[in-house]
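Reading through the structure tokens given below for one structure.
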Amino acid sequence: MTMTTFATLALTIVELPYAYDALEPYVSAETLHFHHDKHYAGYVAKLEELTEGTRYQSMSLEDIVRHSEGAIFNNAAQAWNHIFYFESLSPNAQHHPTGELHKAINAQFGSFEALKKRMTDMAVTLFGSGWVWLATDVDGKLYVVSKSNAGTPLTDGLIPLLCIDVWEHAYYLDYRNIRRDAVENLWKVVDWAVVENRYNSR
Ligand code: MN
């Protein structure tokens with residue numbers, strides 16, 4: 001399991017933790033080439049350009065997300081969100097949460113299936129571009145949060161656990177306009193071992 005610390009250098013391109021074709025047929029190699037090498041890398045390049053000569057240059061990516069706004073926030077948050085997203089997926093995914101996280105999901109949402117349905121429905125109905133998040137607070141209470149554009153629960157004081165990218169670039173090559181199919185298939189490669197690890201480390 002790859003776990004990047006987001007105290008990582010802001011201008012470092014984090015490689016995918018699996019091969020480009022590893023998530024097929026649910027996410028194609030073509031999509032991952034564009035998504036990682038063009039979109040994600042594009043945010044990092046733009047961030048480098050925007051932060052040159054500023055106080056942000058010496059900050060970690062997470063600190064930039066927490067302490068910026070406007071274009072710098074947009075590009076920093078998109079960089080952070082993408083690293084987090086790619087690391088949530090795996091060709092050897094554990095398909096079900098266990099332990100404390102599973103208990104918390106059952107207590108708050110009724111069942112794991114109900115949580116997935118809620119996140120899927122929010123992803124389908126999110127207007128325009130954005131992200132659907134599962135997050136927690138330090139006490140372990142769970143939150144499902146929908147955010148437009150580069151939005152992240154980090155700026156709400158929450159701890160992100162999982163994100164679904166609903167920007168069209170995340171799915172259009174494979175699913176065209178059928179966002180629901182893209183999200184339902186994404187569940188097949190979400191690694192709940194990673195999500196659980198984040199929950200247990202909160
Ligand atoms: Mn994306």
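Whatever order the structure lists ligands and atoms in, that order sets their numbers, starting from 1. Computation of the quantities below employed the complete heavy-atom set of this structure, encompassing side-chain atoms and omitting hydrogens, waters and symmetry-equivalent molecules.
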Checklist entry - With respect to the Mn ion (ligand 1), what is the nearest N, O or S atom of Asp165? => result OD2

Next on the checklist: Taking the six-membered ring of Tyr175 as reference, does the cationic atom of Arg179 (NZ for Lys, CZ for Arg) lie under 6.0 Å from its centre and within 45° of its axis?
Outcome noted: no

Please tabulate, for side-chain N and O atoms in residues 114-121, each donor-acceptor pair with protein atoms closer than 3.5 Å (sequence neighbours left out).
from: Lys116; atom 1: NZ; to: Glu113; atom 2: OE2; distance (Å): 3.4
from: Lys117; atom 1: NZ; to: Asp121; atom 2: OD2; distance (Å): 2.6
from: Thr120; atom 1: OG1; to: Lys116; atom 2: O; distance (Å): 2.7
from: Thr120; atom 1: OG1; to: Trp187; atom 2: NE1; distance (Å): 2.8
from: Asp121; atom 1: OD1; to: Arg180; atom 2: NH1; distance (Å): 3.3
from: Asp121; atom 1: OD1; to: Arg180; atom 2: NH2; distance (Å): 3.2

Item to check | Student check: side-chain heavy atoms of Val65 and Asn81 closer than 4.5 Å | outcome: no

Next on the checklist: Between Trp167 and Tyr172 (judged by ring centroids, cut-off 6.0 Å), do the two rings come close enough to count as a pair?
Outcome noted: no

Next on the checklist: Under 2.8 Å from the Mn ion (ligand 1), can any N, O or S atom of His39 be found?
Outcome noted: no

Checklist outcome for this item: Row for the Mn ion (ligand 1): angle NE2 (His169) to NE2 (His35), 10° precision, value 100°

